Amino acid sequence: MDYKKEIERLKAALPVTIVSHYYQRDEVFEIADIVGDSLELARKCQNDPNEWIIFCGVGFMGQSVKVISPEKRVLMPRIACCAMAKMIDDTYFDQSVAYMTERGIAKENILPITYINSDASVKAKVGEMGGMVCTSANAYKIIQKGLESGKKILFVPDRCLGQNFAIQMGLKSCVIGVGECDPKEADVICFNGFCSVHQLFTPADVEFYRRKYPDIKIAVHPECDPKVTALADFVGSTSQLIKYVNELDIDQKVAVGTEYNLVNRMRKANTYVLSSTKPECPTMNETTLEDLYRTLKSIEDGDPINEIFVDEHTSKYAKLALTRMLEVQ
Ligand code: 13P
Ligand code: SF4
(Lines give C-alpha, C1' and ligand atoms only; values in the text may rest on other atoms or scores of the structure.)
(Ligands and ions follow the chains in the order given, each with its own letter.)
Protein backbone atom coordinates (compact mmCIF):
# COMPACT_ATOMS: atom_id res chain seq x y z
CA MET A 1 0.00 0.00 0.00
CA ASP A 2 1.11 3.56 -0.72
CA TYR A 3 0.86 4.84 2.88
CA LYS A 4 1.84 8.36 1.94
CA LYS A 5 -0.99 8.67 -0.58
CA GLU A 6 -3.53 7.15 1.80
CA ILE A 7 -2.44 9.48 4.62
CA GLU A 8 -2.86 12.49 2.32
CA ARG A 9 -6.36 11.28 1.41
CA LEU A 10 -7.37 10.78 5.06
CA LYS A 11 -5.83 14.12 6.07
CA ALA A 12 -8.01 15.90 3.51
CA ALA A 13 -11.15 13.99 4.49
CA LEU A 14 -10.96 14.23 8.30
CA PRO A 15 -10.82 17.14 10.82
CA VAL A 16 -7.31 16.12 11.90
CA THR A 17 -3.98 17.81 12.51
CA ILE A 18 -0.84 15.72 12.28
CA VAL A 19 1.84 16.86 14.67
CA SER A 20 5.50 15.80 14.67
CA HIS A 21 8.47 16.47 16.90
CA TYR A 22 11.80 17.13 15.13
CA TYR A 23 13.20 13.75 16.21
CA GLN A 24 10.65 11.75 14.21
CA ARG A 25 11.69 9.78 11.13
CA ASP A 26 11.89 11.94 7.99
CA GLU A 27 8.91 10.32 6.25
CA VAL A 28 6.68 11.02 9.28
CA PHE A 29 8.09 14.50 9.88
CA GLU A 30 7.56 15.51 6.23
CA ILE A 31 3.86 14.65 6.20
CA ALA A 32 3.01 16.57 9.40
CA ASP A 33 0.94 19.79 9.51
CA ILE A 34 2.70 21.10 12.62
CA VAL A 35 6.34 20.56 13.62
CA GLY A 36 8.39 22.06 16.43
CA ASP A 37 10.16 21.66 19.73
CA SER A 38 8.24 20.59 22.84
CA LEU A 39 7.24 24.13 23.77
CA GLU A 40 6.13 25.13 20.27
CA LEU A 41 4.09 21.95 19.89
CA ALA A 42 2.30 22.52 23.20
CA ARG A 43 1.42 26.09 22.17
CA LYS A 44 0.48 25.31 18.56
CA CYS A 45 -1.79 22.38 19.50
CA GLN A 46 -3.60 24.57 22.03
CA ASN A 47 -4.54 26.99 19.24
CA ASP A 48 -5.32 24.38 16.60
CA PRO A 49 -8.95 24.37 15.38
CA ASN A 50 -9.25 20.66 14.54
CA GLU A 51 -10.97 18.20 16.87
CA TRP A 52 -8.40 15.44 16.36
CA ILE A 53 -4.67 15.75 17.08
CA ILE A 54 -2.53 12.90 15.76
CA PHE A 55 0.69 13.28 17.74
CA CYS A 56 3.86 11.67 16.40
CA GLY A 57 6.31 11.88 19.27
CA VAL A 58 6.67 10.40 22.73
CA GLY A 59 3.96 9.80 25.33
CA PHE A 60 4.42 12.87 27.53
CA MET A 61 3.95 15.15 24.51
CA GLY A 62 0.53 13.76 23.55
CA GLN A 63 -0.44 13.66 27.23
CA SER A 64 0.43 17.36 27.62
CA VAL A 65 -1.81 18.29 24.68
CA LYS A 66 -4.69 16.33 26.24
CA VAL A 67 -4.15 18.03 29.63
CA ILE A 68 -3.98 21.52 28.11
CA SER A 69 -6.94 20.93 25.76
CA PRO A 70 -9.16 18.20 27.26
CA GLU A 71 -11.85 18.81 24.63
CA LYS A 72 -9.50 17.52 21.91
CA ARG A 73 -9.26 13.88 20.88
CA VAL A 74 -5.55 13.05 20.97
CA LEU A 75 -4.30 9.88 19.27
CA MET A 76 -0.68 8.72 19.11
CA PRO A 77 0.35 6.32 16.30
CA ARG A 78 2.78 4.92 18.91
CA ILE A 79 2.49 5.63 22.63
CA ALA A 80 6.27 5.43 22.98
CA CYS A 81 7.65 6.42 26.36
CA CYS A 82 10.68 8.74 26.62
CA ALA A 83 13.32 6.86 28.64
CA MET A 84 14.04 9.91 30.79
CA ALA A 85 10.36 10.46 31.60
CA LYS A 86 10.24 6.83 32.80
CA MET A 87 12.96 7.49 35.38
CA ILE A 88 10.60 9.37 37.71
CA ASP A 89 7.09 8.62 38.96
CA ASP A 90 5.00 10.21 41.72
CA THR A 91 6.63 7.99 44.40
CA TYR A 92 10.15 9.06 43.39
CA PHE A 93 8.90 12.63 43.33
CA ASP A 94 7.57 12.32 46.90
CA GLN A 95 10.89 10.76 47.97
CA SER A 96 12.77 13.73 46.50
CA VAL A 97 10.59 16.15 48.46
CA ALA A 98 11.18 14.01 51.59
CA TYR A 99 14.96 14.12 50.94
CA MET A 100 14.77 17.89 51.23
CA THR A 101 12.39 18.06 54.20
CA GLU A 102 14.54 15.55 56.12
CA ARG A 103 17.49 17.90 55.61
CA GLY A 104 15.72 20.90 57.07
CA ILE A 105 13.86 22.49 54.14
CA ALA A 106 10.15 22.82 54.96
CA LYS A 107 7.78 21.64 52.21
CA GLU A 108 6.34 25.15 51.82
CA ASN A 109 9.84 26.38 51.04
CA ILE A 110 10.27 24.02 48.08
CA LEU A 111 9.23 25.05 44.57
CA PRO A 112 9.26 22.07 42.20
CA ILE A 113 9.91 22.46 38.49
CA THR A 114 9.50 19.50 36.18
CA TYR A 115 10.97 19.26 32.72
CA ILE A 116 8.09 18.57 30.28
CA ASN A 117 9.71 15.13 29.72
CA SER A 118 7.76 13.60 32.62
CA ASP A 119 4.47 11.79 33.13
CA ALA A 120 1.28 13.76 33.83
CA SER A 121 1.22 12.25 37.36
CA VAL A 122 4.55 13.97 38.14
CA LYS A 123 3.34 17.22 36.60
CA ALA A 124 0.26 16.94 38.82
CA LYS A 125 2.41 16.59 41.96
CA VAL A 126 4.37 19.64 40.86
CA GLY A 127 1.17 21.59 40.14
CA GLU A 128 -0.26 20.73 43.55
CA MET A 129 2.84 22.21 45.22
CA GLY A 130 2.55 25.46 43.25
CA GLY A 131 5.29 24.49 40.78
CA MET A 132 5.70 24.70 37.03
CA VAL A 133 6.67 22.75 33.95
CA CYS A 134 9.57 23.89 31.77
CA THR A 135 11.02 22.84 28.43
CA SER A 136 14.56 23.13 27.15
CA ALA A 137 13.52 26.35 25.35
CA ASN A 138 12.24 28.22 28.40
CA ALA A 139 14.01 26.63 31.41
CA TYR A 140 16.05 29.78 32.09
CA LYS A 141 12.93 31.95 32.38
CA ILE A 142 11.00 29.37 34.38
CA ILE A 143 13.80 28.85 36.92
CA GLN A 144 14.17 32.63 37.17
CA LYS A 145 10.44 32.93 37.82
CA GLY A 146 10.65 30.12 40.39
CA LEU A 147 13.45 31.88 42.25
CA GLU A 148 11.26 34.98 42.68
CA SER A 149 9.36 32.92 45.27
CA GLY A 150 12.51 32.85 47.43
CA LYS A 151 12.15 29.06 47.67
CA LYS A 152 14.57 26.22 46.92
CA ILE A 153 14.05 24.74 43.46
CA LEU A 154 13.53 20.98 43.22
CA PHE A 155 14.26 20.20 39.57
CA VAL A 156 13.06 16.87 38.08
CA PRO A 157 13.82 14.60 36.26
CA ASP A 158 16.81 15.76 34.15
CA ARG A 159 19.91 16.41 36.27
CA CYS A 160 21.79 17.75 33.21
CA LEU A 161 19.19 20.36 32.28
CA GLY A 162 18.88 21.44 35.92
CA GLN A 163 22.65 21.73 36.38
CA ASN A 164 23.25 23.39 33.00
CA PHE A 165 20.78 26.19 33.67
CA ALA A 166 21.96 26.59 37.27
CA ILE A 167 25.52 27.09 35.97
CA GLN A 168 24.30 29.56 33.31
CA MET A 169 22.45 31.53 35.99
CA GLY A 170 25.31 31.50 38.50
CA LEU A 171 23.36 29.31 40.95
CA LYS A 172 24.56 26.47 43.18
CA SER A 173 23.16 23.06 42.31
CA CYS A 174 23.48 19.47 43.48
CA VAL A 175 22.10 16.08 42.46
CA ILE A 176 20.28 13.86 44.94
CA GLY A 177 22.28 10.67 45.43
CA VAL A 178 25.45 12.00 43.80
CA GLY A 179 28.16 12.99 46.29
CA GLU A 180 27.26 15.40 49.07
CA CYS A 181 23.93 17.00 48.17
CA ASP A 182 22.95 19.35 50.98
CA PRO A 183 19.74 21.19 50.00
CA LYS A 184 20.61 23.95 52.46
CA GLU A 185 23.78 24.72 50.47
CA ALA A 186 22.19 24.66 46.98
CA ASP A 187 19.65 26.79 45.09
CA VAL A 188 18.64 24.04 42.64
CA ILE A 189 18.35 20.45 43.86
CA CYS A 190 18.17 18.03 40.94
CA PHE A 191 16.68 14.55 40.62
CA ASN A 192 19.19 12.08 39.17
CA GLY A 193 17.51 11.46 35.78
CA PHE A 194 19.08 11.80 32.35
CA CYS A 195 18.62 11.19 28.63
CA SER A 196 20.55 8.15 27.44
CA VAL A 197 20.74 9.58 23.90
CA HIS A 198 22.32 12.87 24.96
CA GLN A 199 24.72 11.07 27.34
CA LEU A 200 26.41 9.69 24.22
CA PHE A 201 28.11 13.04 23.60
CA THR A 202 31.38 13.38 25.51
CA PRO A 203 34.15 15.95 25.99
CA ALA A 204 36.34 13.59 23.89
CA ASP A 205 33.92 14.06 20.94
CA VAL A 206 34.26 17.84 21.24
CA GLU A 207 38.06 17.57 21.46
CA PHE A 208 38.10 15.25 18.42
CA TYR A 209 36.25 17.77 16.22
CA ARG A 210 38.19 20.76 17.54
CA ARG A 211 41.48 18.97 16.75
CA LYS A 212 40.26 17.99 13.29
CA TYR A 213 38.72 21.37 12.38
CA PRO A 214 40.11 24.10 14.68
CA ASP A 215 37.47 26.66 13.56
CA ILE A 216 34.46 24.34 13.99
CA LYS A 217 31.46 25.43 16.08
CA ILE A 218 29.97 23.01 18.60
CA ALA A 219 26.21 23.24 19.24
CA VAL A 220 24.49 20.97 21.76
CA HIS A 221 21.14 20.34 23.49
CA PRO A 222 20.98 21.16 27.25
CA GLU A 223 20.25 17.48 27.98
CA CYS A 224 23.98 16.93 27.40
CA ASP A 225 26.27 16.57 30.39
CA PRO A 226 27.56 19.88 31.87
CA LYS A 227 31.10 18.73 30.99
CA VAL A 228 30.02 18.83 27.32
CA THR A 229 27.95 22.03 27.42
CA ALA A 230 30.92 23.79 29.07
CA LEU A 231 32.94 23.15 25.90
CA ALA A 232 30.19 24.14 23.42
CA ASP A 233 29.77 27.39 21.47
CA PHE A 234 25.99 27.16 21.67
CA VAL A 235 23.48 25.32 23.88
CA GLY A 236 19.79 25.28 22.94
CA SER A 237 16.51 23.45 22.43
CA THR A 238 15.87 21.64 19.14
CA SER A 239 14.32 24.76 17.53
CA GLN A 240 17.09 26.97 18.88
CA LEU A 241 19.72 24.58 17.47
CA ILE A 242 18.08 24.70 14.03
CA LYS A 243 18.03 28.51 14.09
CA TYR A 244 21.67 28.67 15.22
CA VAL A 245 22.87 26.33 12.47
CA ASN A 246 20.73 28.02 9.77
CA GLU A 247 22.20 31.41 10.62
CA LEU A 248 25.82 30.21 10.28
CA ASP A 249 27.74 30.95 7.11
CA ILE A 250 27.40 27.92 4.79
CA ASP A 251 31.20 27.44 4.90
CA GLN A 252 31.19 27.34 8.71
CA LYS A 253 31.63 23.79 9.98
CA VAL A 254 29.43 22.82 12.91
CA ALA A 255 29.12 19.62 14.97
CA VAL A 256 25.72 19.19 16.59
CA GLY A 257 25.00 17.19 19.74
CA THR A 258 21.41 16.06 19.58
CA GLU A 259 19.23 13.30 18.11
CA TYR A 260 20.33 11.87 14.75
CA ASN A 261 17.14 12.41 12.69
CA LEU A 262 17.24 16.13 13.38
CA VAL A 263 20.98 16.59 12.75
CA ASN A 264 20.72 14.56 9.55
CA ARG A 265 17.94 16.86 8.33
CA MET A 266 19.92 20.05 8.97
CA ARG A 267 21.80 21.74 6.11
CA LYS A 268 23.86 18.93 4.62
CA ALA A 269 27.10 20.83 3.95
CA ASN A 270 29.55 21.22 6.81
CA THR A 271 27.24 19.81 9.51
CA TYR A 272 28.49 16.86 11.57
CA VAL A 273 26.97 14.58 14.20
CA LEU A 274 28.91 15.13 17.44
CA SER A 275 29.41 11.43 18.15
CA SER A 276 30.96 8.35 16.66
CA THR A 277 27.90 6.38 17.85
CA LYS A 278 24.68 7.15 15.93
CA PRO A 279 22.61 9.08 18.52
CA GLU A 280 19.14 7.75 17.68
CA CYS A 281 16.28 8.01 20.16
CA PRO A 282 14.72 4.51 20.07
CA THR A 283 11.29 5.66 21.23
CA MET A 284 11.06 8.63 18.85
CA ASN A 285 11.98 6.24 16.03
CA GLU A 286 9.16 3.81 16.81
CA THR A 287 6.51 5.70 14.82
CA THR A 288 6.26 4.66 11.17
CA LEU A 289 4.12 5.83 8.25
CA GLU A 290 2.15 2.59 8.57
CA ASP A 291 1.32 3.42 12.23
CA LEU A 292 0.23 6.89 11.19
CA TYR A 293 -1.97 5.47 8.43
CA ARG A 294 -3.62 2.92 10.79
CA THR A 295 -4.35 5.66 13.31
CA LEU A 296 -6.02 7.92 10.74
CA LYS A 297 -7.93 4.98 9.26
CA SER A 298 -9.26 4.09 12.73
CA ILE A 299 -10.94 7.52 12.87
CA GLU A 300 -12.46 7.03 9.43
CA ASP A 301 -13.71 3.60 10.53
CA GLY A 302 -15.29 5.09 13.68
CA ASP A 303 -13.12 3.03 16.07
CA PRO A 304 -10.19 5.26 17.14
CA ILE A 305 -7.04 3.56 18.42
CA ASN A 306 -4.29 4.70 20.82
CA GLU A 307 -6.31 7.53 22.29
CA ILE A 308 -4.73 9.46 25.18
CA PHE A 309 -6.78 9.82 28.37
CA VAL A 310 -5.73 11.48 31.62
CA ASP A 311 -7.83 11.08 34.79
CA GLU A 312 -9.60 14.14 36.19
CA HIS A 313 -7.45 14.67 39.31
CA THR A 314 -4.15 14.29 37.45
CA SER A 315 -5.37 16.48 34.62
CA LYS A 316 -6.53 19.26 36.96
CA TYR A 317 -3.16 19.66 38.72
CA ALA A 318 -0.93 18.86 35.72
CA LYS A 319 -2.82 21.59 33.86
CA LEU A 320 -1.96 24.07 36.61
CA ALA A 321 1.76 23.31 36.20
CA LEU A 322 1.55 23.49 32.39
CA THR A 323 -0.54 26.67 32.37
CA ARG A 324 1.88 28.42 34.73
CA MET A 325 4.60 27.62 32.16
CA LEU A 326 2.55 28.78 29.16
CA GLU A 327 1.80 32.07 30.91
CA VAL A 328 5.54 32.87 31.13
CA GLN A 329 6.43 34.66 27.88
P1 13P B 1 12.99 19.96 22.73
O2 13P B 1 12.02 20.52 23.71
O3 13P B 1 14.25 20.76 22.62
O4 13P B 1 12.34 19.74 21.41
O5 13P B 1 13.53 18.57 23.28
C6 13P B 1 12.72 17.48 23.51
C7 13P B 1 13.50 16.28 23.81
O8 13P B 1 13.00 15.26 24.15
C9 13P B 1 14.95 16.37 23.67
O10 13P B 1 15.52 15.14 23.90
FE1 SF4 C 1 13.48 11.25 25.82
FE2 SF4 C 1 16.09 11.48 25.26
FE3 SF4 C 1 14.41 10.55 23.42
FE4 SF4 C 1 14.35 13.14 24.12
S5 SF4 C 1 16.02 12.04 23.10
S6 SF4 C 1 12.58 11.80 23.83
S7 SF4 C 1 14.80 12.97 26.34
S8 SF4 C 1 14.91 9.57 25.42
Side-chain angles (χ1 to χ4, degrees), residues 19-25 28-29 32 34-45 55-65 68 76-88 113-119 122-123 132-142 155-162 164-165 190-201 219-225 228-229 232 234-245 256-266 273-275 277-287 322 325-326 328:
V19 179
S20 166
H21 185 264
Y22 289 124
Y23 292 167
Q24 291 288 296
R25 293 163 182 262
V28 172
F29 178 82
I34 293 179
V35 299
D37 67 15
S38 306
L39 181 61
E40 292 165 339
L41 294 179
R43 286 196 194 282
K44 288 178 186 174
C45 288
F55 205 114
C56 305
V58 284
F60 73 81
M61 296 179 170
Q63 229 185 17
S64 296
V65 175
I68 294 169
M76 297 193 73
R78 283 278 171 156
I79 309 179
C81 189
C82 157
M84 181 205 288
K86 254 188 170 163
M87 289 180 184
I88 189 163
I113 295 178
T114 181
Y115 189 27
I116 197 164
N117 297 36
S118 56
D119 190 74
V122 174
K123 292 185 178 83
M132 295 173 277
V133 174
C134 77
T135 75
S136 56
N138 65 12
Y140 192 104
K141 281 188 192 164
I142 298 289
F155 193 93
V156 304
D158 189 5
R159 65 166 185 242
C160 294
L161 212 97
N164 279 325
F165 283 97
C190 305
F191 183 80
N192 192 11
F194 58 88
C195 165
S196 47
V197 180
H198 287 86
Q199 297 315 291
L200 290 173
F201 308 108
V220 301
H221 195 277
E223 287 176 14
C224 291
D225 192 276
V228 174
T229 57
F234 181 78
V235 182
S237 75
T238 49
S239 283
Q240 292 163 350
L241 286 170
I242 293 168
K243 185 168 183 290
Y244 175 78
V245 172
V256 185
T258 196
E259 210 275 341
Y260 181 81
N261 287 335
L262 170 56
V263 183
N264 191 41
R265 207 181 292 127
M266 286 177 168
V273 179
L274 182 70
S275 175
T277 315
K278 200 174 176 185
E280 280 184 311
C281 174
T283 42
M284 281 284 187
N285 272 279
E286 279 185 30
T287 309
L322 279 159
M325 170 186 79
L326 294 170
V328 173

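Start at 1 and go down the list; that is how both ligands and their atoms are numbered. Note that this is a predicted model, so its numbers are computed, not measured.
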Using 0.5 Å steps for rounding, measure from the [atom1] atom of [X] to the [atom2] atom of [Y].
X: C190; Y: F165; atom1: SG; atom2: CZ; value: 12.0 Å
X: F191; Y: M84; atom1: CZ; atom2: CE; value: 11.0 Å
X: T258; Y: M266; atom1: OG1; atom2: CE; value: 7.5 Å

Measure the distance from [atom] to every protein heavy atom, then report the residue, atom name and distance (to 0.1 Å) of the closest one.
atom: atom 5 (O) of ligand 1; result: H221 NE2, 3.4 Å
atom: atom 2 (O) of ligand 1; result: S38 OG, 2.8 Å
atom: atom 10 (O) of ligand 1; result: E223 OE1, 2.9 Å
atom: atom 8 (O) of ligand 1; result: N117 ND2, 3.1 Å
atom: atom 4 (Fe) of ligand 2; result: Y23 CE1, 3.9 Å

*Take every heavy atom of Y22, measure it against each atom of ligand 1, and state whether any distance is under 4.0 Å.*
no

*Could a heavy atom of H198 be found less than 4.0 Å from some atom of ligand 1?*
yes

*Apply salt bridge (Lys or Arg N to Asp or Glu O under 4.0 Å) to K141 and list each qualifying residue two or more places apart in sequence or on a separate chain.*
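In terms of salt bridge (Lys or Arg N to Asp or Glu O under 4.0 Å), with neighbours along the sequence ignored, K141 is linked to no residue.
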
Any N or O of [X] closer than 3.5 Å to N or O of ligand 1:
X: D37; value: no
X: S237; value: no
X: H21; value: yes

Are the side chain of [X] and the backbone N or O of [Y] linked by a donor-acceptor pair below 3.5 Å?
X: R159; Y: F194; value: no
X: N138; Y: C134; value: no
X: Q199; Y: E223; value: yes
X: K123; Y: I116; value: yes

*For ligand 1, which atoms have a heavy atom of Y23 less than 4.0 angstrom away?*
7 (C), 9 (C), 10 (O)

*Close to atom 2 (Fe) of ligand 2, meaning under 2.8 Å, how many protein N, O or S atoms are there?*
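Those protein atoms number 1 in total.
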
*asked:* Applying side-chain hydrogen bond (donor to acceptor under 3.5 Å, both in side chains), can you list everything that pairs with T229, at least two apart in sequence or on another chain?
replied: N164

_Polar side chain donor-acceptor pair, E280 to N264, under 3.5 angstrom_ =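 Judged by distance alone, the side chains do not pair up.
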
*Taking side chain to side chain contact (heavy atoms under 4.5 Å, CB included) as the test, write out the residues that go with E40, two or more places apart.*
Y22, D37, K44, S239

